[in-house]
Protein chains: 2
Amino acid sequence: MNMTSWPDRFIGLSRLSPPLKRKLETAARIRRITAGTRIFGPGETPAGMLFLIEGTVRVHQQSDNGRDIVLYRVTGGESCVMTTACLFTHHSYMAEGVAETDVIAAEVPRRTFEDLVSDSPEFRDFVLAAYSHRIVDLFEVIDNVVFGRVDLRIAERLLQLADENGVVSMTHQDMADELGTAREVVSRLLNEFRKQGWIEPGRGQVKLLDLDALARFAASR
Amino acid sequence: MNMTSWPDRFIGLSRLSPPLKRKLETAARIRRITAGTRIFGPGETPAGMLFLIEGTVRVHQQSDNGRDIVLYRVTGGESCVMTTACLFTHHSYMAEGVAETDVIAAEVPRRTFEDLVSDSPEFRDFVLAAYSHRIVDLFEVIDNVVFGRVDLRIAERLLQLADENGVVSMTHQDMADELGTAREVVSRLLNEFRKQGWIEPGRGQVKLLDLDALARFAASR
DNA sequence: TGCTCCGTGTGACTTTGTCACTGAAGCAGC
DNA sequence: GCTGCTTCAGTGACAAAGTCACACGGAGCA
């Protein structure tokens with residue numbers, strides 16, 4: 001990958017003027033982060049704005065009694081909103097970010113970030129659009145957990161997270177942490193799905209047998 | 001109230017230069033909204049940025065099956081984030097805003113708003129800080145609904161919403177809609193509180209008898 | 001081979017949400 | 001006053017979801 005052009009990978013940043021692009025590139029520090037690394041967590045403060053060039057980062061919230069829920073994922077071509085929010089408010093993080101795959105990211109120092117927000121309407125629009133879209137994500141999370149049923153949400157996630165062979169490589173605990181529920185609930189509901197012939201469970205993975213049935217179930221009610 | 005100085009009531013806007021303050025004031029349309037009026041709702045798009053001079057606006061999310069949850073409230077001296085988000089993304093509203101009291105607000109047209117965001121670092125900081133703080137609110141809502149217990153949340157809300165006489169003037173349905181739960185659940189739990197001698201229920205209102213006990217209960221676990 | 005850890009299964013119980021229905025409190029209109 | 005209507009609250013039965021405790025078995029390793 002040609003590192004000198006990374007802003008072009010971000011919708012909105014490609015329209016920056018060449019001088020501003022150069023400013024972004026020279027100020028940024030390219031970070032390579034291996035899968036599983038915790039990138040930020042509650043109590044820490046961001047050193048700068050993170051632009052995700054490659055990979056995905058999972059942002060999730062934890063409770064004191066061990067439960068966990070995924071708020072959203074940041075993928076290549078996006079910026080990290082939590083970081084933006086913390087930069088703007090000078091607060092520390094409230095959730096945790098973990099590299100789900102190997103990640104390449106550009107870290108732009110706070111000072112440069114603030115300058116660009118000031119000087120460039122395109123940059124500002126990019127940041128604010130990303131910001132606003134993430135708020136929509138949070139609304140959806142709330143809608144799901146308050147009004148949604150767990151069985152439908154599991155079916156939906158299985159379909160989202162399956163690889164090209166229809167296999168989801170996660171433990172039941174992982175799935176529970178995705179949805180903010182408990183492991184036992186996932187085990188029981190997956191067992192129901194198995195009885196329906198929709199899936200074939202294995203240790204640390206689930207094989208989806210009937211995608212259509214799962215999709216129909218997820219869409220019901 | 002002296003209307004010519006309303007930006008001074010907003011922390012952050014008082015530091016605007018006099019010319020920009022005048023620009024805000026002349027472009028704004030002062031709106032008086034009576035309690036109970038629906039200000040915006042899903043599907044609509046904002047005509048401009050709303051600055052709340054007096055009163056409170058309740059922003060809540062509704063499900064298709066009749067349940068409801070309050071996301072946050074906007075009070076005097078704050079701006080409406082939903083509106084900001086929609087202005088930035090050119091999306092329509094996803095939640096509903098209702099005037100909880102009589103409201104006086106300044107509506108600044110989108111064009112003026114965008115100009116000010118461009119030209120004034122102070123104005124931009126004000127908007128972004130409000131924005132970011134509201135994200136924090138949403139994180140808290142998620143934390144509560146995913147990890148919290150309903151009885152503790154009710155106790156907490158009763159204390160928040162009580163007037164100076166310790167009376168909360170709401171129906172059980174209203175309280176359920178605050179917390180995103182069902183009316184029957186509220187009825188049952190309030191009955192428990194009554195058995196403990198903490199409250200005295202009445203039609204359309206609850207009288208708090210033992211604030212300390214309620215507070216201790218809300219803080220437990 | 002035996003040991004330990006981890007992922008999973010399960011039963012019993014609590015909490016929360018849903019449904020259907022009852023009755024009481026307020027509030028017209030007469 | 002009385003009559004009917006609406007709104008609010010209470011309740012029982014059940015379903016869904018979360019908690020707790022523990023059992024089982026496979027994977028990996030000494």
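So that the names make sense, note that chain A is the first sequence line, chain B the second, and so on, each numbered from 1.
Evaluation of the salt bridge (Lys or Arg N to Asp or Glu O under 4.0 Å) rule for B/R67 yields no partner, not counting sequence neighbours. Listed by chain and residue number, nothing satisfies the salt bridge (Lys or Arg N to Asp or Glu O under 4.0 Å) test with A/R216 (two or more places apart in sequence, or in another chain). By the side chain to side chain donor-acceptor pair (under 3.5 Å) test, B/D210 pairs with no residue at all, sequence neighbours left out. A search for side chain to side chain donor-acceptor pair (under 3.5 Å) contacts involving B/T34 returns B/T37, not counting sequence neighbours. Remark: A/D102 pairs with no residue by the salt bridge (Lys or Arg N to Asp or Glu O under 4.0 Å) rule, at least two apart or across chains. The salt bridge (Lys or Arg N to Asp or Glu O under 4.0 Å) search around A/E100 returns A/R58, A/R73, not counting sequence neighbours.
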- Note on the structure: With B for base contact, S for sugar-phosphate-only contact and - for none (protein heavy atoms under 4.0 Å), nucleotides 6-19 of chain D reads -BBBBB-B---SBB

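Helix bend of the helix from C/dT1-D/dA30 to C/dC30-D/dG1: the angle between its two end axes, each built from five pairs, comes to 20° after rounding to 10°.
Contacts classified as ring pair (Phe, Tyr, Trp, His ring centres under 6.0 Å) and involving residues 132-160 of chain A (residues at least two apart or in different chains) are given here: A/H133-B/H91. The ring pair (Phe, Tyr, Trp, His ring centres under 6.0 Å) pairs that include a residue from residues 174-206 of chain B are B/F193-B/W198, B/F193-B/F217, B/W198-B/F217, where partners are two or more places apart or lie in different chains. Pairs passing the ring pair (Phe, Tyr, Trp, His ring centres under 6.0 Å) check and including a residue from residues 159-182 of chain B, sequence neighbours excluded, do not occur.
A/E140 and A/N144 share no side-chain donor-acceptor pair at under 3.5 Å.
Reading DNA chain C from its 5' end, the first and the last nucleotide to sit under 4.0 Å from a heavy atom of chain A are C/dC6 to C/dA12.
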